[in-house]
There are 2 protein chains.
Amino acid sequence: MAAPTAAACLKACSKPLADRPDRCATCAVRDSAVCAALNERELEDLSRIGRTRTFQRGETIFAAGEPSYACGTLVSGAAKLSAIDGDGVERILALIHPAGFLGQLFTPTNSHEIIALTESTMCVFPRADFERLMAAHPALTRSILDRTLAELDASRALTGLIGRRDIKARLAGLILAFARAAGTSPCGIATDFELPLSREEMASLIGTTIETVSRRMTELEQAGAIERQGLRGLAIRDLPALERLAT
Amino acid sequence: MAAPTAAACLKACSKPLADRPDRCATCAVRDSAVCAALNERELEDLSRIGRTRTFQRGETIFAAGEPSYACGTLVSGAAKLSAIDGDGVERILALIHPAGFLGQLFTPTNSHEIIALTESTMCVFPRADFERLMAAHPALTRSILDRTLAELDASRALTGLIGRRDIKARLAGLILAFARAAGTSPCGIATDFELPLSREEMASLIGTTIETVSRRMTELEQAGAIERQGLRGLAIRDLPALERLAT
DNA sequence: CGGCGCGTTGACTGTAGTCAAATAAAGTGG
DNA sequence: CCACTTTATTTGACTACAGTCAACGCGCCG
């Protein structure tokens, strides 16, 4: 019986939202996550079943094949959603940023691995309770729909990115996407930030090898578009050039 | 004023569903499209605002940038969803099969081109009316959510496909996807079918060139996995081999 | 018949993959 | 705190694969 065990584990390593004096008031993604569109009463219902939990970098949040007993919002940090193919090779299919929704609704098991890329906090709900709440509150269903549409958009943007023929363009596009995600304001773009992925993960995401990522990165640096700062640090030195290369 | 014109055009070239004696009873996608989960009354409300329309192969169903005034279900045929980049190069982001939902909800304009790949029929709704109906009938919202989740799944499957490093694997996977889509039963796979895409479109979808598609196709044929029959016809001769190559 | 669109094939070039080694960074145990 | 191991990243040399340019074949339509 994996599900009860997992549920028990969730209880053991998380804190109920309802215990926090501020509930959702100070939540970082209060205005952008699925709960943003809810009214007072709906939010109250949701917070009653919610718990918060932190995950360490590299920790598996949901495993593929495992019964899907929980879901929730990523509050801080970042996660990757990936499939492991027959040979044990990881293939990253999506990145999840704060306010993103984790977990699969309406299916008995999870079909992908979801793994924390950095230390992350998540607002977790038992899936059955969450689905009941969706049935009771149309606004919640609508919120989930909006979020799913956003994910679909992101997924298609990724399709566009990795469909490019030369790896340099894919890599430039990926770096721009990271810079956008690292930016504080919705439309702002960060110029100095940490890459959320290792070289291997970047390679898996854009469909190439570690070595090629490394080489093209060196080229981008020599062209003056970017500057590497340590292993994970990156600074954008010439944004227009980088955007041109991403075409 | 594009929207009223477009709406007028829709009226001019389509037939109201309500005029058909059978309404939705004989619809080919009655059990799988967004309307499948609706009860009698909801279906009645929906059919009152629906019209059917056919599109010729190559015809644009929705254009990118155009106001989004309509949406609906693809009843028969097939369509491609693509983005046109700065240089006018088409990049196919998704394929849409019967029962798929076309059009963007909740946004003022369409962000992608949707073009018929074969002669297709669509069940069209004015978007504003459709959204009103969604607000009134939670079951419809839930249906759209299910459909969107399915599209997200398909999009991620495509991401996995085109992320493969060698083009032969991508092509084999694409052919398998076509064979599955052409199969009559949900889990059945067709062995003889017509490719819905031209070489150029296949190349755009998997991120390569016409010539490479052609060459790898020749290799797959020489390996005995497939057999080309005319320009678009294809027969799968050795399914296990094809599946192995797709890994 | 001749042009046109689509697909295939050939020759060549350039880019990415593979194998291997060097280097840098991070963690481990004394 | 330092020497040592382990892991991540970069670089090099070589090979293989994909892209480019060009020619050819085929079916279709004027």
Side-chain angles (χ1 to χ4, degrees), chain A residues 56-58 80 87 89-92 117-119 161-175 178 194-223 226-234 245-247, chain B residues 56-58 80 87 89-92 117-118 161-175 178 194-223 226-235 245-247:
Chain A
Q56 296 310 306
R57 171 171 175 168
K80 61 179 172 182
D87 316 339
V89 179
E90 176 183 44
R91 180 165 298 292
I92 301 182
L117 288 169
T118 63
E119 184 176 327
L161 179 69
I162 66 182
R164 304 206 222 291
R165 281 196 286 279
D166 54 330
I167 306 273
K168 206 192 285 194
R170 290 187 222 172
L171 187 59
L174 184 65
I175 290 171
F178 288 154
E194 295 278 304
L195 292 169
L197 300 184
S198 68
R199 296 288 180 268
E200 184 166 21
E201 291 165 332
M202 291 171 73
S204 160
L205 189 56
I206 62 175
T208 184
T209 58
I210 320 181
E211 294 95 323
T212 302
V213 168
S214 188
R215 276 186 242 276
R216 296 294 101 83
M217 203 98 143
T218 307
E219 281 181 24
L220 290 177
E221 188 166 39
Q222 282 166 353
I226 61 168
E227 186 179 316
R228 282 177 287 195
Q229 301 178 331
L231 282 185
R232 293 288 187 105
L234 201 94
L245 286 163
T247 308
Chain B
Q56 296 309 307
R57 173 170 173 167
K80 62 180 172 182
D87 315 339
V89 180
E90 176 182 45
R91 181 165 295 291
I92 301 183
L117 287 169
T118 63
L161 178 69
I162 65 182
R164 304 205 222 291
R165 281 197 290 276
D166 53 329
I167 305 275
K168 205 192 286 194
R170 290 187 221 171
L171 188 58
L174 184 64
I175 291 171
F178 287 153
E194 295 278 303
L195 292 169
L197 299 184
S198 68
R199 295 288 180 271
E200 185 166 21
E201 289 165 333
M202 290 171 73
S204 160
L205 190 55
I206 62 175
T208 182
T209 59
I210 319 180
E211 294 94 325
T212 302
V213 169
S214 189
R215 277 185 243 276
R216 298 300 147 248
M217 203 97 144
T218 307
E219 281 182 24
L220 290 177
E221 188 166 38
Q222 282 166 352
I226 61 168
E227 187 179 315
R228 282 177 288 195
Q229 300 178 330
L231 283 184
R232 292 289 187 106
L234 202 94
L245 285 163
T247 308

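Fair warning: this is a prediction, and the values are worked out from it, not measured in the lab. Quick note on labels: first sequence line is chain A, next is B, and so on, each numbered from 1.
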So [Y] and [X], do their side chains get closer than 4.5 Å, heavy atoms only?
X       : Y       : answer
I175(B) : M217(B) : yes
P196(B) : R232(B) : no
R165(A) : T209(B) : yes
L234(B) : R228(B) : yes

Value rounded to 0.5 Å, distance of CD in E219(A) from CD1 in I167(A):
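So the gap between those two atoms works out to 11.5 Å.
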Approximate separation, where rounding is to 0.5 Å, of K168(A) NZ and I206(A) CD1:
13.0 Å
Rounded to whole Å, please give me the gap between [atom1] in [X] and [atom2] in [N].
X       : N       : atom1 : atom2 : result
Q229(A) : dT9(D)  : CD    : P     : 16 Å
E201(A) : dT9(D)  : CD    : P     : 9 Å
L171(A) : dT10(D) : CG    : P     : 11 Å
R170(B) : dG17(C) : CZ    : C1'   : 13 Å
M217(B) : dT9(C)  : CE    : C1'   : 15 Å
E227(A) : dT10(D) : CD    : P     : 14 Å
L234(A) : dT9(D)  : CG    : C1'   : 14 Å
M202(B) : dG7(C)  : CE    : P     : 10 Å

For nucleotides 11-30 of chain D, read 5' to 3', which letter fits each nucleotide if B means a protein heavy atom sits under 4.0 Å from the base, S means only the sugar-phosphate is that close, and - means neither?
BBB----SSBB---------
